[in-house]
Every structure is written in C-alpha cells, then in structure tokens.
Colleague: 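I'd like to ask you about the structure that follows.
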Amino acid sequence: MQTSSGPDFIGLEEAAAMKTGTRVTFVPGMPAVFSEALKNICFVKGVPLIRVVHPHMGIDKATGKDRQEKLYELTSQTGLPTMFHNEERPRNVWIEQLALAERIGAPGSPSLIPDDFELRSEALGLCAVVMGEDGMVWNMRILIDTPLGRKYGYSEEACSNAPDKVAAVVSLIDRRLEAQEECGSQYLVGKTLTAADVYWATVSISILPPPPEIMPVTQQNKRALEYFAMNSKIPAISKALSPRIENHQRYILTTYCETPAVLGGDPL
Ligand SMILES: N[C@@H](CCC(=O)N[C@@H](CS)C(=O)NCC(=O)O)C(=O)O
C-alpha cells in the first residue's frame, strides 16, 4: 500500500505564522486517534487541511531543549492535535475543533452537530464518553504503562479497571446501534450522520483495527496497529465487540471518510 507520495507537512512555526487556511498537527505515518478523527471530521465537512508536524514529547538531544516548548508557547498545552484557522485562537480540544469545523464547513456538507437540541444532546453525549476524560480513548491509553499513559493517570489500579471501562463504552455503542437499526437507521443518532458516527468509527480503530485497504500499514504505525490488534483481544473488550460494531465502523469509514487513510510517513 503506497502512502509515500504525499501528503506534505509543514513545520509548526510556519503554520502558526500563516494568516489563512486551516492547519492541523499530525504525526506523519501515524493514525493518532484524535488527529485522525479531526481529519475525518474535516473531510466530511469539506474543509481542506494543511498538515503540520506535531513535535514529539521529550528533550531534543542536540539542543537540550524540550521539543514541545514552542507548541506550549503557542497553545498553552501540548496535546495532539492542535488546530489553527485563519488568525483565530488555536483550538486544542475536540469539541471546540468540531464546532469550528462545523462553522467553516463547505456549503452543502453534512451537518455533524444536529440543530435539534434533543438529538444534539445525544450526539455530543456519545462523543463525550468516547473522546472525553475517563472515556473510551482515555482508558484505552492506560491499558499499558507508557509515558503517554502516565500523563493520563496510569496506575496499576487505573490500568486494571480500564478494559471494563472500554468495554462498557463499546457495549453502550452496540446497544445504541441495535436500537437505531430497529428504527431503520444505520447511524448512532437520528436518521443521518453525526459527529458521533465519525468520532466513534475513527477512534474505535484503537480497539478494532480495520484492514489495510482502510488503514494502510506504514513504518511509523506498524507497532501501533499491532498494539491496537492486541487491545481487540483483551477478553472484556473482545466480548463487547460485535459484528454490528465492526459493520458500522467499516461503513462510516469507507462511505464518509477518505479511505485508504492518507497518513504520510513511509510505506513498509
Ligand atoms: N486535548 C485533546 C486530547 C488530545 C490528546 O489527548 N492527545 C494525546 C495523544 S492521544 C496527546 O498528545 N497527549 C500529550 C499531551 O497532552 O501532552 C482533546 O481533548 O481533544
């Protein structure tokens, strides 16, 4: 699977200095789930992205400086991704990034935040248990002891509770899809695509990796994809994953998102 012929990435300082365009940080070659999800949200909304290299955690050996010092200076945080649009303040949190994408989306693109407040509360509620603190991604990150996991409160106790919490979110999504099917909808909320479908389908790759036709393997993501595959076999998670979850993920990714995913980096 060829992924080397693009896309181009620019540096953080160049991105921050630009006065027009939508610039989002990525780790080239990696489907880091928050960046990947924002990329898919922007793809659905017809918002063209300028890709920016997100600086890695840690100290630069040559300079002795924190590699994320500039990022922190610009955004007062270091999480991936940050999003710049025109000369507006940077957005660092998914719900603000989503609201921005919804606002700047192309005319005629799907509305991802329902106008109806009841449906909106359902869609954003689902997004919050998937993307928010102590949600699915949060708990997926503390399944193992890594520097990133430690940033999010890894401890032996938190780690031992994490599989059940991930599984509880998977089951909630599964029950929701089942009820929606009975109403004749293939979406998580209402009768149309919402942000909940795009966020869930994208970040669920971390517990249910899709085939390379959807998510190409790169030198940079090979280990991450192996780790995602291991997550899918953790007993509590494996028990909660259903064909319905898999079908929904594949349907949303192949119908609404750019597949195969365009990641940059180097092909295997
Ligand atoms: N702030 C983001 C979360 C993004 C996030 O947690 N990114 C992780 C990688 S999955 C990260 O870069 N963490 C490092 C840090 O926050 O310094 C949001 O809530 O939307």
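Quick caveat, the model's predicted, so the values are computed rather than measured. Whatever order the structure lists ligands and atoms in, that order sets their numbers, starting from 1. Along the sequence shown, residues carry numbers from 1.
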Colleague: Using the benzene-type ring in the case of Trp, are the ring centres of W94 and Y199 under 6.0 Å apart?
Modeller: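 For W94 and Y199, the ring centres are under 6.0 Å apart.
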Colleague: List ligand 1's nitrogen or oxygen atoms that come under 3.5 Å of a protein nitrogen or oxygen, with the partner atom and distance.
Modeller:
residue, atom, partner, partner atom, Å
ligand 1, 1 (N), N92, O, 2.9
ligand 1, 6 (O), R141, NH1, 2.7
ligand 1, 6 (O), Y152, OH, 3.0
ligand 1, 7 (N), L80, O, 3.0
ligand 1, 12 (O), L80, N, 2.8
ligand 1, 13 (N), Y152, OH, 2.8
ligand 1, 16 (O), Y152, OH, 3.0
ligand 1, 17 (O), T78, OG1, 2.4
ligand 1, 17 (O), K151, NZ, 2.4
ligand 1, 20 (O), W94, N, 2.7

Colleague: Using 0.5 Å steps for rounding, measure from the CZ atom of F84 to the CG atom of N92.
Modeller: 8.0 Å
Colleague: Cut-off 3.5 Å, no hydrogens considered: what does the side-chain donor-acceptor table look like for residues 135-144, sequence neighbours left out?
Modeller:
residue, atom, partner, partner atom, Å
N139, ND2, D134, O, 3.0
N139, ND2, D134, OD1, 3.3
N139, ND2, G135, O, 2.9

Colleague: Closer than 3.5 angstrom, by distance alone: can the side chain of R120 be matched with the main-chain N or O of P114 as a donor-acceptor pair?
Modeller: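 At least one qualifying donor-acceptor pair exists.
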Colleague: Against E181, only a single residue in R175, R244, R176 fulfils salt bridge (charged side-chain N to carboxylate O under 4.0 Å, His left out); can you say which?
Modeller: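 One option only clears the test, and that one is R244.
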Colleague: Quiz question: by atom type and distance under 3.5 Å, do the side chains of S109 and K45 form a donor-acceptor pair?
Modeller: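 There is such a pair (donor and acceptor under 3.5 Å, judged by atom type) between the side chains of S109 and K45.
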